[in-house]
Amino acid sequence: MYIIIVFMQIKQININDKTYTLHIAYQANETLRKSFNAMTFDFWEFTFEPYYLSGYWDDSCLIFSLFEEETIVAHTTLSLFHTHTPEKQLFLGQLGTVMTAPTHTKQGLSRFLMEYIFDAYRDQLDGYFLFANETVLDFYPKFGFVAVPEFQASKKFQKQPSAHEIRRLNLTNDSDLQLFQHYLKHGQTACRFDTRSYGLAHFYCYANADFGFADSIYVIPELETLLLAQQEEDNLLIYQVYYLNENQVDKAFNALATESTTQITLGYTPTTGDYVFHPYREEDLTLFVTSSLLPYFTAQQTMIPLLSHT
């Protein structure tokens, strides 16, 4: 298993006869982090500040930014995943929160950051993926990325009697947080393309309560199963499930479902089950992958787990 440990780095970079400072893994620098958060909010309407303050920002989330003095002008985040598939284990990178200041577009800054990352991790990663909006669909194929479809699993459902105790976790409670972390570290998933991330799980479920997942964490002690799920009218959306020993996820789904639940929809690709698959696309985003990952999306119906998006 590869482990990448990155310390804060500072480099002077010349691009098209202009000098910039490349800062890598600089989140501990409050001044630079403030500039980064301001840009992130302008582009995406959230910041990484709660994630930093949570203490769970780890080496699986690496930030690469070009600055002019203390002002950020371009950025790319590299998220790392030890990915389990039925065929093999992969070490993957996801490129996300790609941003360029409006005053610095079309100057090759995003290209530089992408090529820098590819060169830095050339012999360490098995492939990359990213999500692109409609404005940049022609950009990523220049770097060998290919657009692939995603498919989401769902099935019709009728609740059966269940006596299993269900408890919703409150991660502001230390014992609940520790239980959540125990499942993240030791639990298994029934996911065919398992891009689990300890740090990213805290980003969504602990650091950023406004994202809505902090109130969507349930444990069923008798089944030794933890679920991240939300009931949406008659549909129970299961974002992820972790079990410690025996795979009893169908019993867990039934226990969590309400009398009004008529459909189960998964936010990941299951390894088994009588699911049907439908084309899936999040808003205007298209999934791009490097060539090494193509078989996982063209030879079978797959989606990137929803809680792995950056």
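Basis for what follows: all heavy atoms, side chains included, without hydrogens, waters or symmetry-related copies.
Remark: the backbone N or O of F36 is paired with a side-chain donor or acceptor of T40 at under 3.5 angstrom. Side chain of Y204 to backbone of H309: a donor-acceptor contact under 3.5 angstrom is found. No side-chain donor-acceptor contact under 3.5 Å links E222 to the backbone of E224. A donor-acceptor pair under 3.5 Å is formed between the side chain of N16 and the backbone N or O of Q107. In this structure a side-chain-to-backbone donor-acceptor pair under 3.5 Å is missing from N208 to D210. Of the possible polar contacts, none joining the T261 side chain to the E259 backbone as a donor-acceptor pair under 3.5 Å is found. Formation of a donor-acceptor pair under 3.5 Å by the D42 side chain with backbone atoms of W44 is not found in this model. Formation of a donor-acceptor pair under 3.5 Å by the R192 side chain with backbone atoms of M303 is not found in this model.
Annotation: the span from L171 atom CG to Q181 atom CD amounts to 8.5 Å, rounded to 0.5 Å. To the nearest 0.5 angstrom, L78 atom CG is 6.5 Å from L125 atom CG. L226 CG to L179 CG: the interatomic distance, rounded to the nearest 0.5 Å, is 6.5 Å. Expressed to the nearest 0.5 Å, how far CD1 of I264 lies from CZ of F253 amounts to 6.5 Å. In this structure, CG in L130 is found 7.5 Å from CD in Q94, a value given to the nearest 0.5 Å.
The closest side-chain heavy-atom distance from I220 to E165 is not below 4.5 Å. Residues L90 and Y296 are in side-chain contact: their nearest non-hydrogen atoms beyond the backbone lie under 4.5 Å apart. In this structure the side chain of I63 reaches within 4.5 angstrom of the side chain of T77, judged on heavy atoms. Counting heavy atoms from C-beta outward, F193 and T195 have side chains that approach closer than 4.5 Å. Looking at heavy atoms from C-beta onward, L32 lies out of side-chain contact with I72 at the 4.5 angstrom threshold. Between Y198 and H82 there is no side-chain heavy-atom pair separated by less than 4.5 Å. Between I117 and E115 there is no side-chain heavy-atom pair separated by less than 4.5 Å. Contact of the L266 side chain with the S154 side chain is not registered, since no non-hydrogen atoms from C-beta on lie closer than 4.5 Å.
The two residues N254 and F157 have their closest heavy-atom pair at OD1-CZ, 3.4 Å. A pairwise comparison of heavy atoms in S79 and T310 identifies OG-CG2, 3.3 Å as the closest pair. Contact between G127 and T290 at its shortest, heavy atoms only, is CA-OG1, 3.4 Å. When all heavy atoms of Q124 and F91 are compared, the closest pair comes out as O-CD2, 3.4 Å. Nearest heavy atoms, D176 versus R168: OD2-O, 4.4 Å. L95 and M114 make their closest contact through CD1-CE, 3.9 Å (heavy atoms, listed as atom of the first residue, atom of the second, distance).
Residues F43 and F46 share a hydrophobic cluster, clusters being chains of Ile/Leu/Val/Met/Phe/Trp/Tyr side chains in contact below 4.5 Å. Linking Ile, Leu, Val, Met, Phe, Trp and Tyr whenever their side-chain heavy atoms come within less than 4.5 Å puts L113 and F288 in one cluster. Under the 4.5 Å side-chain heavy-atom criterion for ILVMFWY residues, no single connected hydrophobic cluster contains both M39 and F41. Under a hydrophobic-cluster definition in which Ile, Leu, Val, Met, Phe, Trp and Tyr are linked whenever side-chain heavy atoms come within less than 4.5 Å, directly or via other members, L223 and L244 are assigned to different clusters. Hydrophobic clustering (side-chain heavy atoms under 4.5 Å, transitive across Ile, Leu, Val, Met, Phe, Trp, Tyr) keeps L228 apart from L236.
The neighbour count for K34 NZ, taken as heavy atoms of other residues, nucleotides or ligands under 6.0 Å away, does not exceed 12. For K251, the NZ atom counts as loosely surrounded, since its 6.0 Å shell holds 12 or fewer non-hydrogen atoms of other residues, nucleotides or ligands. The neighbour count for D119 CG, taken as heavy atoms of other residues, nucleotides or ligands under 6.0 Å away, is above 12. The environment of E69 atom CD is sparse: at most 12 non-hydrogen atoms of other residues, nucleotides or ligands sit within 6.0 angstrom. Within 6.0 Å of the CG atom in N14, the count of heavy atoms belonging to other residues, nucleotides or ligands exceeds 12.
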Is there a ring-ring contact (aromatic ring centres under 6.0 Å, His included) between Y239 and F213 once you walk through the steps?
CA-CA 9 Å; Y239 286 96; F213 297 107; 4.9 Å; yes

Does the pair E68 and K18 meet the rule for a salt bridge (Lys or Arg N to Asp or Glu O under 4.0 Å), with working shown?
CA-CA 10 Å; E68 288 184 338; K18 292 186 65 175; 3.5 Å; yes

I would like to know whether Y116 and K11 meet side-chain hydrogen bond (donor to acceptor under 3.5 Å, both in side chains); could you show each step before the answer?
CA-CA 12 Å; Y116 183 93; K11 299 183 179 183; 2.5 Å; yes

Report the C-alpha separation of Q248 and Y243 in whole Å, then their side-chain angles, then the decisive distance to 0.1 Å, and conclude whether the side-chain hydrogen bond (donor to acceptor under 3.5 Å, both in side chains) test is met.
CA-CA 8 Å; Q248 302 185 79; Y243 61 92; over 6 Å; no

Would T100 and S110 count as a side-chain hydrogen bond (donor to acceptor under 3.5 Å, both in side chains) if you check the C-alpha gap in whole Å, the side-chain angles of each, and the deciding distance to 0.1 Å?
CA-CA 7 Å; T100 301; S110 288; 2.9 Å; yes

In sequence, state the C-alpha distance, the side-chain angles, and the governing distance for T189 and D194, and then conclude on side-chain hydrogen bond (donor to acceptor under 3.5 Å, both in side chains).
CA-CA 7 Å; T189 71; D194 183 12; 3.0 Å; yes

Evaluation steps, ring-ring contact (aromatic ring centres under 6.0 Å, His included), between H202 and Y51
CA-CA 8 Å; H202 286 80; Y51 190 32; 8.5 Å; no

When you look at Y128 and Y121, which way does the ring-ring contact (aromatic ring centres under 6.0 Å, His included) test go after all the steps?
CA-CA 11 Å; Y128 293 85; Y121 302 105; 8.0 Å; no

Verify salt bridge (Lys or Arg N to Asp or Glu O under 4.0 Å) between D126 and K88, making sure each step is shown before the conclusion.
CA-CA 11 Å; D126 297 305; K88 62 187 297 187; 5.3 Å; no

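Q12 and T21 share a side-chain donor-acceptor pair at under 3.5 Å. In this model, no donor atom of one side chain and acceptor atom of the other lie less than 3.5 Å apart for D234 and S260. Side-chain contact of H278 with Q152: a donor-acceptor pair under 3.5 Å is absent, judged by distance alone. Judged purely by distance below 3.5 Å, without hydrogens or angles, the side chains of T85 and E87 pair a donor atom with an acceptor atom. Under the 3.5 Å distance criterion, with hydrogens and angles disregarded, a donor-acceptor pair is assigned to the side chains of Q230 and S216.
Using cut-offs of 30° and 60° on the angle between ring planes, the pair F129 and F131 is perpendicular. Relative orientation of the Y26 and H23 rings is perpendicular, given thresholds of 30° and 60° on the angle between their planes. Ring geometry for Y56 against Y206 counts as perpendicular: the plane angle is over 60°, on a 0 to 90° scale with 30° as the lower cut.
A cation-pi arrangement is present between R33 and Y52, with the terminal nitrogen or guanidinium carbon under 6.0 Å from the aromatic centre and inside a 45° cone about the axis.
Aromatic ring centroids of F297 and F151 lie 6.0 Å or more apart.
With respect to E134 and R281, a salt bridge is recorded, a charged nitrogen being found less than 4.0 Å from a carboxylate O.
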